[in-house]
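Values below: every heavy atom of this structure, side chains too, minus hydrogens, waters and symmetry copies. Proteins get letters first, then strands, A, B, ... in listed order; numbering begins at 1 in each.
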Number of protein chains: 2
Amino acid sequence: MNKKQLIMEKSIELFANQGIKKTSVQQITEYCGISKGAFYLSFKSKDELILAIIDHFMQQITADIDHVVRTNHTKDILYQIFHKIFKAFLQHRDLAKFLMIEQNHSLNKELLTRMQYYHKIADKTFLEMLERIYGESINEIKYDLIYAIKGLINGYADIVIFNNGKLDLDLIATSLVEKVDILAKNITTPFITLETGEMFQDFLIEEISKEKLISMIDTSLKEIEESIEKESLVTLKQHLIEPSYNRAIINGLIENIRNHPDCKWLSYLLRRYIR
Amino acid sequence: MNKKQLIMEKSIELFANQGIKKTSVQQITEYCGISKGAFYLSFKSKDELILAIIDHFMQQITADIDHVVRTNHTKDILYQIFHKIFKAFLQHRDLAKFLMIEQNHSLNKELLTRMQYYHKIADKTFLEMLERIYGESINEIKYDLIYAIKGLINGYADIVIFNNGKLDLDLIATSLVEKVDILAKNITTPFITLETGEMFQDFLIEEISKEKLISMIDTSLKEIEESIEKESLVTLKQHLIEPSYNRAIINGLIENIRNHPDCKWLSYLLRRYIR
DNA sequence: TATACTAATGACTGTTCAGTCAGTTTGTCA
DNA sequence: TGACAAACTGACTGAACAGTCATTAGTATA
């Protein structure tokens, strides 16, 4: 297995059980069965490892949610999103635990900005979804709804993550959809009004440059083996340098790489760039 | 000023800004203008300081909420509680920030148990309140409602704590009351049903012993100066050793000490013991 | 087989920091 | 005034730990 991935997986386990502070690099390398030096071949520092872990998880979830919102056009979106989120929490329980336990805003400024960035994207996606589902009718309360939704997710995430039994994902999603629906149709006194909402969130997510994308493609090409994915990446790279295919083809190529774990984030960024 | 209090206040500031890990005992003592040795006269260890800070805050809020629920008998309770909670968050922004940033489950098992204890009390209090307001009608969804309420508080706490402008406490409370009311009247598909709810929460909050209470009274007596409070404490102590007054008198005595910051928790425990 | 190159090792270094303790100051009371 | 105690000081200690680097193992190429 890829050494970087090995280290990330094993350290997530340790972090989730003991916390970051109490997990030494030594311990991580011992648990991985590698030497301390090998660790520093993969990551420049312990902090970089932590950043990488958080990035990885946030990117997966962000790309997944975006995909659901983009491909669903019925009222079903909300259900799909909740289902996806809680399924991810369940599947990566260790990671989610780690994220919940150590909301390391404190670790460094870097992380704080990073998290704000993902939150902004999430807010924007939720907003798009709410507008799609409910149209104009919720205009006055849309920002308020976003905070309510995030709060609800948080509250129920606790149950999902810290309860070890099996959970009815369908029920939890259905139940939350009902709550949001009830709120959307009945709220008359939002705390976050239109003005304050727009003040809170300036939706300027800076666009990624073509060069950055190409270098990301190059990195991915080195890491993956599957031929279809490789070919798709090469073709996409060519298209970036010199546009030569129509939207449908590009869409298909992006779809080809969407489910490869190492390309999920890249596919999300590509899609946003093309649009 | 009391040295213990000085250390707590100053370190909360530092913790909120830099995180626990990056704040050394050295730095705390320098910021307080005392020596390192003096720190260890007040606290046995850095961990003990952290525990003390968290205990202090949780005890204040727990006692306050309990008081609201106990003394209000109209639908107003919900509003009062939200108002109280968010006012506390605002007033002790540093502390709340510190608590949100480092959900130190990880620090040690001690803290985890401690937090679970306060959560249990909060759950019980919320439950009592919901039953008082809505009666039998919400029986099927009461546990679900508790999680929804906690989630909403969490979501909106973020805004209150990390936004530096002034906030309309009345509006936020009103807005949340509306949300809970809407949910209480419309939810039909709870995620946490009656059975699972009772499974989650076993409401066995162990009772405190008479001896413990008396020793707590003794400690408080040493610390406070106000004569009314002192007299009340002495009388309450006598009553504990040999019951000699009726409920009304005891109630009044407890009320006398309720608003002294060093006695809030004691008054809460006394009230629970007497009942 | 020799050579060149990369991957991996783990003993070592420098630093940070919680906690200690021998000694000093301040306060109290006879 | 002096005896005694309580409060306070800060230089010091030892442990933990992130990060380095000289050396070795492994592998590809000529």
> Going by distance alone, is a donor N or O of one side chain under 3.5 Å from an acceptor N or O of the other, for B:Y268 and B:R272?
Replying inline: yes

> What pairs of residues pass the side-chain hydrogen bond (donor to acceptor under 3.5 Å, both in side chains) test when at least one of them lies in residues 84-94 of chain A, not counting sequence neighbours?
Replying inline: A:R93-A:N164

> Does any donor atom in the side chain of A:Y245 or A:Q238 lie under 3.5 Å from an acceptor atom in the other side chain?
Replying inline: no

>> Treating A:K3 as the side-chain partner and A:I34 as the backbone partner, does any N or O pair qualify as donor plus acceptor under 3.5 Å?
In response: no

> Any donor-acceptor pair under 3.5 Å linking the side chain of B:S244 with the backbone of B:E242?
Replying inline: yes

> Quick one: how far along DNA chain C does chain A reach, first to last nucleotide 5' to 3', anything under 4.0 Å to a heavy atom?
Replying inline: C:dA8 to C:dG10

> When A:K264 is tested against each of A:D55, A:D64, A:D66 for salt bridge (Lys or Arg N to Asp or Glu O under 4.0 Å), which residue passes?
Replying inline: A:D64

> Rounded to the Å, how far apart are A:Q18 CD and D:dC17 P?
Replying inline: 10 Å

>> Any heavy-atom pair between the side chains of B:L95 and B:Q60 that's under 4.5 Å?
In response: no

> Is there a donor-acceptor contact under 3.5 Å from the side chain of B:E48 to the main chain of B:K44?
Replying inline: yes

> Distance check: side-chain N/O of B:K3 vs OP1/OP2 of D:dC8, anything under 4.0 Å?
Replying inline: yes

> What's the CG-C1' distance between A:L41 and D:dT20, to the nearest Å?
Replying inline: 12 Å

> In residues 27-40 of chain B, which residues come under 4.0 Å of DNA chain C by heavy atom?
Replying inline: B:K36, B:Y40

